[in-house]
Structures are given as structure tokens and as C-alpha cells.
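These numbers come from the heavy atoms of this one structure, side chains and all, not from hydrogens, waters or symmetry mates. One-based numbering, in listed order, for ligands and for the atoms of each.
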Amino acid sequence: MSFELQQITQQKQHQQILKQIDLTIPEQQILAILGPSGSGKTTLLRILGGLDQPTGGVFLHRGQPAAPGILVFQDYRLFPFLTVADNVAFGLKMQHVARQERDQRVTTMLAQLNITELAQRYPSEISGGQQQRVALARALVLAPQLLLLDEPFSSLDEALRLEMLQLVQRLQQTLHLTVVFVTHYKTEAYLMAQQVAILIDGQIRQVATPEQLDQTPQNLTVAQFLGHANFITGRWQQQRFHSVLYTGVAQATPMVAENATLYVPYAGLLTVTPTKWCAFTGTVCSCQWNGQTYFYQLQVQSETLWVLLPQKLAPGQTTTFYFEKEPLVY
Ligand SMILES: Nc1ncnc2c1ncn2[C@@H]1O[C@H](COP(=O)(O)OP(=O)(O)OP(=O)(O)O)[C@@H](O)[C@H]1O
């Protein structure tokens, strides 16, 4: 059971913004659409929210044309002249829901978002984080089949962002919501979603779990967008990768050509547990604590490499590094 986008295209002013998007949105899950600025994320979300019609393709729910999802905008768009409670009640009023039921649903929703005490305040009298909760309450009170969030946490500080991520996850579980969430922050997408769809230049390049994305990016475009990796250029000959830095076995991806690139995630190297994929010997140039682990700059022959390791190495120290698993070559 799911929502399906089939061959969705969008063209504006002769620019092809979305190019034949096929995408499944599983029900009762969170799907993140992750892509760089200008890749078409908002354009896609507006189609899902019924604000724009696509130039081609269909949007289905269980095989029938889908009703538009309810969109929560990046800038909240609360009505400044209505109290918090009236903002939340607005959509129900538009649907002519009877007063008693309306009040009861608004009260429940305000409680679920922990904003009961703000009910009589105006948007100008509450913080950005609180406005975000009101915007969510206003959408959720309509019991949407599909909730759409456009970069919902981008203007919040880190602690608040984490709190909101957890809140949306909790609401998703208790209310069994189907959520599509667009962002250009990888961490946000990874923390929040079960599945992540990578949208680059108007095309879906890969849909996978966060773990699968980092372990096996489908192609070099996805790998480079996801970042946090070294890309070593070399040659692919006789089933081996050849470069100044590393010559040895590698796992060939389907499109690999003679001029090839080795994908070495920052976190894909080990020092202490030798695996069979011995990589190279490098010297530590610099060491930085990133809040969770150590981030090293290494000198390996004429190349510079970046590595994340849990253990502390001293600058100047020379160590042998091992690939955690057979590295991928594109
Ligand atoms: N109404 C429009 N007319 C013409 N071009 C548009 C229109 N809306 C968007 N575009 C173009 O479509 C492309 C995708 O825009 P969109 O806002 O969907 O990207 P995005 O991935 O959401 O970007 P961001 O992360 O910066 O919000 C951009 O090149 C943009 O300039």
C-alpha cells in the first residue's frame, strides 16, 4: 500500500525541472527527499500538495488518483491575525466541521504538540520553534493521508532541530502518518527517515535506507553529493584498481570504465583490526575532534586523504590503514 509517482515531469519557462520521476511513497513511513539546492525538491512537493499540476505523469494512491497532501511550509505561514487555537482550527472551519468537534480536535492536537498554554497567543507572541509546532498542529488536525514538510527545521538551532525531529518521529508513530520531507541536510534526512530518495538535477538517482546509501551509492554523482568520502582517481584494469595511493582489489560498480574512481568514505578505514583489504600507509598531518570522533588529514605518498577514526593518533605518526570492506570503484 503506497502512494506512487509515475513519470512525473515539470517544465517551467522551457526549463525541465523534474524529469520523469518514478517514486513510491510507502504508507506509514517517513520518506526524505534529499538533494542539493535547486534540484527540484520544492517543485516536487508542490505537486504532491496539489499546489501545481505536473506537465506530465500521474500521482496515485492505492492505484487511484491521489488526494493532495497537506503541506507545512518552511516559513510556517501562520495567520498573524488569528490566535494559535484559531490558526489550528482554521482548516476545520473551512471544512465546516461542527463547533464542538472542532474544539475537541484542536484541544487534542495542541496537547499532542505540547502547546496548550499558547492557545490564546498570536504568532508574533511566540518563538520560531513554537510557531513550527503550531504549523504542524494546523496540518495534523486535518488528519492528512499524506503530510508534506518543506525544509521544516532549517531555521531552528541545533538542539531545537533535534527536538523537532524526535517530535515528528513520535507523531508519525502514534498517528500512523505517511510523511514526505524535503531537505538538503543529509544528517536531517538520515536521522528522520526510513527511506531517502536522492534528487539531483530533477531526477531521482537512488532510493534506499541511509545505511545503504552510504555503503553503496548507486553512482559517482550520488556518492559525490553525499560527500564525507575521498575520491581517488586511477585506472581499472584486469579487475584491479591502480593508483598512486592504492593498487589492489575493489568491487566494480556496473558503470566502471578504465578511467575509474575509488570511493573511500571517511569512516570506511580502520587501523586496529586488519582486514584482508590492506589499503596503504599514511602519516597524520592534522587531527581535529568533531564532537564524536577524530577527523584526520593524512599524507599518503603525494595524496591527501581524510579519515574518521575513534582512536587518537598523534600528528607525525605513520600508520597502516585498512579498508573496512572491499572498496567500491566507479
Ligand atoms: N515558477 C518557476 N518558474 C521558473 N523556474 C522555476 C520556478 N520554480 C522553480 N524554478 C526553478 O526550478 C529549479 C528547482 O527549484 P526548486 O525550488 O524546486 O528547488 P529546490 O531543490 O527546492 O531548491 P532549494 O533547496 O534551494 O529550495 C530551480 O532551478 C528554480 O530556479
Side-chain angles (χ1 to χ4, degrees), residues 3-25 29-60 66 68-78 128-129 131-132 135-136 139 144 146-158 160-162 164-165 168 178-208 210 213-214 217-228:
F3 293 85
E4 298 280 341
L5 295 170
Q6 293 177 358
Q7 296 286 296
I8 293 283
T9 56
Q10 186 65 301
Q11 189 166 343
K12 282 196 177 153
Q13 296 166 4
H14 308 295
Q15 188 192 347
Q16 193 75 8
I17 300 172
L18 298 177
K19 300 163 188 168
Q20 299 183 322
I21 303 262
D22 286 322
L23 181 65
T24 298
I25 303 167
Q29 283 194 21
I30 303 181
L31 171 81
I33 297 177
L34 175 65
S37 194
S39 57
K41 302 184 295 296
T42 300
T43 303
L44 184 56
L45 215 60
R46 288 180 63 85
I47 291 172
L48 297 180
L51 299 178
D52 289 334
Q53 284 304 309
T55 32
V58 286
F59 173 34
L60 303 174
I70 304 273
L71 222 161
V72 176
F73 294 95
Q74 195 172 356
D75 53 3
Y76 320 137
R77 301 197 190 175
L78 300 179
Q131 289 185 39
Q132 169 97 77
L136 268 174
L146 180 62
L147 178 69
L148 308 169
L149 306 176
D150 188 3
E151 302 262 4
F153 315 117
S154 52
S155 57
L156 306 178
D157 67 49
E158 203 178 322
L160 204 50
R161 186 182 298 175
L162 211 59
M164 290 305 293
L165 284 171
V168 172
T178 304
V179 181
V180 175
F181 151 80
V182 311
T183 181
H184 56 262
Y185 290 112
K186 178 178 162 181
T187 324
E188 220 166 84
Y190 278 26
L191 280 175
M192 178 106 154
Q194 279 98 9
Q195 293 276 314
V196 180
I198 305 291
L199 181 70
I200 299 175
D201 192 22
Q203 287 176 291
I204 298 286
R205 308 298 180 116
Q206 187 168 2
V207 184
L213 280 175
D214 275 346
Q218 201 146 298
N219 50 50
L220 201 53
T221 309
V222 172
Q224 285 172 335
F225 166 68
L226 292 172
H228 296 96

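- Atom CG of L44 is separated from atom CG of D150 by 10.5 Å, given to the nearest 0.5 angstrom.
- The side-chain heavy atoms of F153 and V168, taken from C-beta on, include a pair separated by under 4.5 Å.
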Donor-acceptor contacts, no H, no angles, side chain residues 31-41, under 3.5 Å, sequence neighbours left out:
from : atom 1 : to   : atom 2 : distance (Å)
S39  : OG     : P36  : O      : 2.7
S39  : OG     : L199 : O      : 3.3
K41  : NZ     : G35  : O      : 3.0
K41  : NZ     : P36  : O      : 3.0

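- Within the structure, side chain to side chain donor-acceptor pair (under 3.5 Å) pairs that include any residue of residues 190-202 comprise K19-D201, Y190-D214 (at least two apart or interchain).
- For N219, there are no side chain to side chain donor-acceptor pair (under 3.5 Å) partners two or more places apart in sequence or in a different chain.
- Around ligand 1 you find K12, Q13, Q15, I17, P36, S37, G38, S39, G40, K41, T42, T43, E151, H184, each with a heavy-atom distance below 4.0 Å.
- For the pair I47/L18, a side-chain contact is recorded, criterion being any heavy-atom separation below 4.5 Å from C-beta on.
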